[in-house]
A.B. asks: 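Please read through the structure below; I'll follow up with questions.
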Protein chains: 2
Amino acid sequence: MSGTQRERGRGAAPGRDGDRRQTILRAAVDVFASKGYHGCRIADVAREAGVAYGLVYHYFKNKDELLQTVFEEGWGGFIQRIRDVIGREQHLSAQVRAVTEVAFEAYRHDPRGVRVLILEIARSPAGGRVDRHGVFSEVLSLAAGMFRSAQARGELREGLDPILCAATLFGSLEMALTASVLRLVDLSGEGMERTKRQVADGFLSGVLATG
Amino acid sequence: MSGTQRERGRGAAPGRDGDRRQTILRAAVDVFASKGYHGCRIADVAREAGVAYGLVYHYFKNKDELLQTVFEEGWGGFIQRIRDVIGREQHLSAQVRAVTEVAFEAYRHDPRGVRVLILEIARSPAGGRVDRHGVFSEVLSLAAGMFRSAQARGELREGLDPILCAATLFGSLEMALTASVLRLVDLSGEGMERTKRQVADGFLSGVLATG
DNA sequence: CGCCGGGTTGATTCTGAAATCAACCTCTTC
DNA sequence: GAAGAGGTTGATTTCAGAATCAACCCGGCG
């Protein structure tokens, strides 16, 4: 029983900012991106954020809630942007190109964030209550609605299943980005434009009513 | 210190079979499919296999090796079948349809196995040394080679990146299967044929040289 | 100037699951 | 039918890492 240490908690320096929460969230994304959710410890997140271990638990009930927050805020933003561009454009071809644009732009702006959302969270039954089914359904339903409308307008070929169209579109996008993450495809400078065009136009000529 | 129990190990009943190893592997696939790699304990696998805890460690060095084996045997078989059909068919359109056939057939034959390979292992940095990069590269390279040859024969549109073609093809397939796993698309009876056709033909009309 | 209050700290505790291991059992061999 | 070999068992050990918590530090307020 070596006497109780005296040098515990060095204390609060709320200086300005106060957005420790945001700092922690950002750090969590970075750590998840490099080591994966299960592969990292709360200690890693804290260190990355330059913050004490315990503070993570001040802002988030537990590790799972931290993941869930990353998840929800990330996908929430993405879905919102998708919804926006779908609403803004009139024709299917423009909509598909805009969706492609959003996906690749998100990647360009924050590769690690996209990496986490795509490779990490969206799939594996991570930890606890991340509602994959719900989010996937939401994205696919959103796009499916777009395809259904287009079909009603006669822009989408008859007989195609709108949900399946949504699935193949996002599947193509996702795998193209995955290939980028794995450095199999080059997205620097000119490559990115070519890639976007190939994905969007290739998909479109497979589904448009007028070849 | 209540005396050492006397009723340890009830012992070996190799009866016939002897393929406890296979039983364990199969059980691992099932458990991974329903609870995920990280979400399950070795105890779960053992129980599912109807086998003692320790036996799992008799056949596999550790949890990671178990996962890796599931991974390698699963993808190994899939890749081999892909390689076969690509070699057997002459034209790109037939090849793509055959690849689609293989993917959906695998799913019909063993949904849980496919689920694990796709949703669980292929993506998230599960556990330790599962070589995602390698496997992804292998599949994508395989398909990319197919597209490159087709391009040389003039069957694939000029200017398309073969690797990106491979990515979008497998992306479409994968997401279509994911949607099936999540019960968003119906694959029973007639639905399966329609789905295969939509995926393969849609993709083809986006890349074939002759519209 | 003393004393709140709440953001902040990190050593300590606790949990649960991986890995170990010695006993055990059944079949095979001579 | 005794000895040996290897498959099989599950209680025990071990340990990483999540979660706790009492002490702390700082600004504000009376």
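In what follows, chains carry the letters A, B, and so on, assigned in the order in which the sequence lines appear, proteins first and then strands, with residues in each chain numbered from 1.
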A.B. asks: Just to verify, what does K196(A) make a side-chain hydrogen bond (donor to acceptor under 3.5 Å, both in side chains) with, not counting sequence neighbours?
C.D. replies: E101(A), E193(A)

A.B. asks: Is the distance from OP1 or OP2 of dT8(C) to the nearest side-chain N or O of R20(A) less than 4.0 Å?
C.D. replies: yes

A.B. asks: Given dT8(C), is OP1 or OP2 found less than 4.0 Å from the side-chain N or O atoms of H58(A)?
C.D. replies: no

A.B. asks: With sequence neighbours left out, what residues match R108(B) under side-chain hydrogen bond (donor to acceptor under 3.5 Å, both in side chains)?
C.D. replies: E105(B)

A.B. asks: I need the CZ-C1' distance between F60(B) and dG7(D), as an integer number of Å.
C.D. replies: 15 Å

A.B. asks: In whole angstroms, how far is the P atom of dC21(C) from the CG atom of L55(B)?
C.D. replies: 17 Å

A.B. asks: Distances under 3.5 Å between protein N/O atoms and the N/O atoms of nucleotides 18-20 of chain C, please, pair by pair.
C.D. replies:
residue	atom	partner	partner atom	Å
dA18(C)	OP1	K63(B)	NZ	3.1
dA18(C)	OP2	I42(B)	N	3.2
dA18(C)	N7	Y53(B)	OH	3.3
dA19(C)	OP2	Y57(B)	OH	3.0
dA19(C)	OP2	K63(B)	N	3.1
dA19(C)	N7	Y53(B)	OH	3.1

A.B. asks: What's the angle between the local helix axes at either end of the helix from dC1(C)-dG30(D) to dC30(C)-dG1(D), using five pairs per end and rounding to 10 degrees?
C.D. replies: 10°

A.B. asks: Just the rounded figure in Å: distance from P of dG7(D) to CD1 of I24(B).
C.D. replies: 12 Å

A.B. asks: Which pairs pass salt bridge (Lys or Arg N to Asp or Glu O under 4.0 Å) with one or both residues in residues 162-173 of chain B, sequence neighbours excluded?
C.D. replies: none

A.B. asks: Which pairs with one or both residues in residues 72-87 of chain A pass salt bridge (Lys or Arg N to Asp or Glu O under 4.0 Å), sequence neighbours excluded?
C.D. replies: R21(A)-E73(A), R83(A)-E138(A)

A.B. asks: Taking atom CD of Q90(B) as the centre, does the number of heavy atoms from other residues, nucleotides or ligands within less than 6.0 Å exceed 12?
C.D. replies: no

A.B. asks: Please identify each residue that fulfils side-chain hydrogen bond (donor to acceptor under 3.5 Å, both in side chains) with T168(B), with sequence neighbours left out.
C.D. replies: none

A.B. asks: In chain order, what residues pass the side-chain hydrogen bond (donor to acceptor under 3.5 Å, both in side chains) check against H91(A), with sequence neighbours excluded?
C.D. replies: E155(A)

A.B. asks: Take the protein atom CZ of R21(A) and the nucleotide atom C1' of dG7(C), then report the distance between them rounded to whole Å.
C.D. replies: 15 Å

A.B. asks: Can you sort out the partners of R41(B) under side chain to side chain contact (heavy atoms under 4.5 Å, CB included), two or more places apart, ordered by chain and number?
C.D. replies: K35(B), A43(B), D44(B)

A.B. asks: Whole angstroms only, please: what is the CZ-C1' distance between R47(A) and dT9(C)?
C.D. replies: 16 Å

